[in-house]
2 protein chains.
Amino acid sequence: MGVSLKDVAKLAGVSVKTASNVVNDYRHVSEATRTRVRSAIDELGYQPNLTARHLRYGRSGLLGLALPELDVPYFAELAKEVIAVAEQRSWSVLIDQTDGRGDRERLLVSGSRARTLDGLIISPLALGADYFAALRADMPVVLLGEKAAPGTADHVAIDNVAAAEDATAHLIGLGRRRVAAIGHQREPSAGTAEVRLRGYRRALLAAGIRPDPALVVPVDSYHRPDGAEAMRHLLALPNPPDAVFCFNDLLALGALRTLLASGVRVPEEVAIVGVDDVEDGRFSTPTLTTVAPDKAQIAQAAVSMLLERIGGSRCRPRELIAGHRLIVRESTAGRTLE
Amino acid sequence: MGVSLKDVAKLAGVSVKTASNVVNDYRHVSEATRTRVRSAIDELGYQPNLTARHLRYGRSGLLGLALPELDVPYFAELAKEVIAVAEQRSWSVLIDQTDGRGDRERLLVSGSRARTLDGLIISPLALGADYFAALRADMPVVLLGEKAAPGTADHVAIDNVAAAEDATAHLIGLGRRRVAAIGHQREPSAGTAEVRLRGYRRALLAAGIRPDPALVVPVDSYHRPDGAEAMRHLLALPNPPDAVFCFNDLLALGALRTLLASGVRVPEEVAIVGVDDVEDGRFSTPTLTTVAPDKAQIAQAAVSMLLERIGGSRCRPRELIAGHRLIVRESTAGRTLE
DNA sequence: GGAATGATGTACAACGTTGTAAATCACGGC
DNA sequence: GCCGTGATTTACAACGTTGTACATCATTCC
């Protein structure tokens with residue numbers, strides 16, 4: 001169907017290999033043949049067949065990006081960055097959605113689709129150690145987020161304990177004493193939730209506040225409805241909170257919705273902080289105070305690490321702590337000016 | 001590196017082709033050899049090399065999905081659906097972001113990366129006819145949205161005139177008479193904007209209202225900040241509107257932000273409608289009335305059409321009008337009950 | 001008993017590319 | 001005139017897979 005090197009070679013009156021040499025800028029090609037081949041290429045509109053190259057090289061030029069859900073803003077924003085960085089280095093990205101389901105994650109990683117990938121960046125949510133068992137030993141992997149078994153693979157994340165501590169400390173700094181937390185997960189080893197809870201507790205203790213277990217609300221997932229429901233639960237308490245630290249922005253936006261719909265004033269009566277700095281939080285009313293991970297840095301680092309592994313690096317699994325910073329907005333600072 | 005059919009064949013004591021026949025469930029293989037090969041496959045953990053297959057077949061198993069930006073919720077939600085549908089039919093999706101820039105769109109479609117794609121679904125934003133000139137004639141394409149030159153390629157969209165008319169009529173039905181429109185684009189042939197503006201005008205005229213050009217606000221892009229700015233412009237008018245039809249939800253959320261930050265009551269003083277039904281609008285305060293396109297249907301239809309083309313269908317370019325419906329929420333109906 | 005039929009298995013080539021090794025050529029030095 | 005050197009070009013094989021054509025064998029039919 002397409003134009004191949006054979007066609008180019010025939011038109012230019014040279015061997016296929018010589019044509020290939022021109023394409024690959026091989027040194028020892030005479031100027032005369034070079035131009036002849038070049039014009040043949042132009043005339044025929046030849047473009048190399050990447051599939052054939054990949055077969056030859058044993059590479060596909062494809063990076064996998066496995067995310068729970070693409071329509072979760074944080075993941076969408078991350079995907080955008082990853083794709084941009086990868087493309088800049090002339091790699092393509094194939095996105096897979098795991099829905100946080102273990103079976104899909106397994107299938108995805110062990111299936112024949114995975115064989116075409118040169119490497120994989122995964123943001124594991126629900127998945128545990130057996131996941132990695134399914135991983136091809138020779139497939140480079142970079143983990144995003146907190147679920148990492150240390151020493152298993154390269155890993156990029158923010159310092160989630162510190163992030164949670166910053167957020168909670170900010171609420172305490174406003175004078176709040178009954179600070180709730182939304183986002184705990186019932187399952188024992190739920191990575192991110194675990195460490196954020198730790199940071200939350202640490203901030204409370206540092207301020208001399210005794211953590212109240214009734215203020216720690218577990219959720220099934222990290223979407224807006226979960227946050228909304230958790231907030232309804234908190235409001236129904238005999239002694240409701242005066243501030244809430246939500247483990248991500250979607251939970252916070254859901255909680256915010258419940259508060260406003262219930263006529264609770266934010267931040268006067270209840271202040272709210274989230275994590276992720278998704279775009280929605282910059283335009284909600286009130287705007288959402290949040291801990292912003294450096295997404296560009298995360299994407300950059302993840303792709304770099306992965307490409308190094310693909311390039312053959314065999315050093316010990318590395319860990320990169322990306323930056324984060326608290327962005328104070330109206331949901332804690334109140335309406336300032338417009 | 002990996003296990004190939006050759007290894008399997010050797011272990012099972014058969015020819016490579018016989019091993020291949022077992023893998024492909026070829027009819028005429030004796031039960032004895034079949035089981036022998038099967039167990040060799042299991043023992044070695046053989047998985048077919050897709051790259052080699054693709055080379056052989058001249059197909060890659062990859063669909064391209066070209067979107068302006070992945071972090072725009074509508075596109076993210078659409079991408080999620082497309083990936084899900086494609087995967088169900090065992091195709092993989094490679095996402096490219098055009099940023100709405102013509103040069104990137106060109107590069108993307110004509111570059112050698114495109115050669116590896118069996119087909120392309122594009123949601124063209126800024127791109128015109130020259131885009132299609134760059135398209136390989138033999139590359140199946142499905143267009144999403146309104147920028148289509150009719151008869152050029154298969155095309156999936158909602159009836160945007162009707163959608164805009166429904167939205168505007170709803171506002172008029174609330175008794176509003178000064179209905180503004182945010183989302184007009186200055187460039188002459190800006191597909192979607194054009195048709196939505198037409199629907200808006202039609203609804204006004206149908207209600208006997210004379211369209212006021214001052215109430216039609218152009219924007220540079222369709223993000224929240226554009227909506228916020230456009231709304232500021234409208235509020236500064238000597239005779240501001242009592243309702244706004246925004247050409248998408250992000251514009252509406254931006255406009256909503258401006259209104260609330262300015263102390264304008266929504267919907268009492270100004271009612272708002274958007275288009276897209278993105279998740280944010282279901283949790284904003286007030287929640288956002290919107291026109292919901294049937295995204296699942298769009299994704300389903302786009303993938304189906306594309307696969308038919310890839311399968312060799314040569315019929316005339318088709319056009320599919322996906323369903324849409326108005327979802328009335330608080331930004332027009334007000335707080336009902338909680 | 002011979003031939004036709006069908007089941008089963010194999011060798012080879014090809015998809016488009018590039019590494020390897022070897023062939024060819026030009027040229028300067030003796 | 002011969003050789004060595006290095007530049008230039010080429011044939012071949014291989015990456016892993018499968019379609020085509022053919023070989024082999026058993027069965028059935030006349």
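Since we're looking at a predicted model, the values are computed, not measured. Here is how names work: the chains are called A, B, and so on, in the same order as the sequence lines, proteins then strands, and each is numbered from 1.
- Among the heavy atoms of the strands lying under 4.0 Å from A/T33 are primed sugar atoms or P, OP1, OP2 only; no base atom is included.
- Between the B/R59 side chain and the B/H54 main chain, no donor and acceptor come within less than 3.5 Å of each other.
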Between the protein and nucleotides 17-20 of chain C, are there any N/O to N/O pairs under 3.5 Å, and if so, what are the atom names and distances?
residue : atom : partner : partner atom : Å
C/dT17  : OP1  : A/Y46   : OH           : 2.4
C/dT17  : OP1  : A/N49   : N            : 3.0
C/dT17  : OP2  : A/L5    : N            : 2.7
C/dT18  : OP1  : A/N24   : OD1          : 3.3
C/dT18  : OP1  : A/N24   : ND2          : 3.3
C/dT18  : OP1  : A/R53   : NE           : 2.9
C/dT18  : OP1  : A/R53   : NH2          : 3.4
C/dT18  : OP2  : A/S20   : OG           : 2.8
C/dT18  : OP2  : A/N24   : ND2          : 3.3
C/dT18  : O4'  : A/R56   : NH1          : 3.4
C/dT18  : O2   : A/R56   : NH1          : 2.2
C/dG19  : N7   : A/K17   : NZ           : 2.9

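- In this structure, A/R27 places its CZ atom 12 Å from C1' of D/dG6, rounding to the nearest Å.
- For the pair B/S15 and B/L55, both in contact range of DNA chain C, the more 5′-proximal nearest nucleotide belongs to B/S15.
- One atom, OH of B/Y26, and another, C1' of C/dA7, lie 9 Å apart when rounded to the nearest Å.
- When each of B/L70, B/L94, B/L65 is checked for a side chain to side chain contact (heavy atoms under 4.5 Å, CB included) with A/I95, only B/L70 meets the rule.
- Distance OG1/A/T33 to NE2/A/H28: 12.5 Å, rounded to 0.5 Å.
- Contact annotation for A/T18: base contact, defined as any heavy-atom pair under 4.0 Å involving a base atom.
- With 3.5 Å as the limit, one finds no donor-acceptor pair spanning the side chains of B/E279 and A/H223.
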Using distance only, find each side-chain donor-acceptor pair of residues 297-307 of chain B under 3.5 Å and give its atom names and separation, not counting sequence neighbours.
residue : atom : partner : partner atom : Å
B/Q297  : OE1  : B/G323  : N            : 2.9
B/S304  : OG   : B/R89   : NH2          : 2.5
B/S304  : OG   : B/Q300  : O            : 3.0

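- Spacing between atom NE2 of B/H28 and atom P of C/dT8 amounts to 7 Å, rounded to whole angstrom units.
- For the OP1/OP2 pair of C/dC15 and a distance below 4.0 Å, the side-chain nitrogens and oxygens of A/T51 include no atom meeting the criterion.
- Results of the side chain to side chain contact (heavy atoms under 4.5 Å, CB included) test with B/V29 over B/N24, B/V14, B/V22 single out B/V22 as the only residue that passes.
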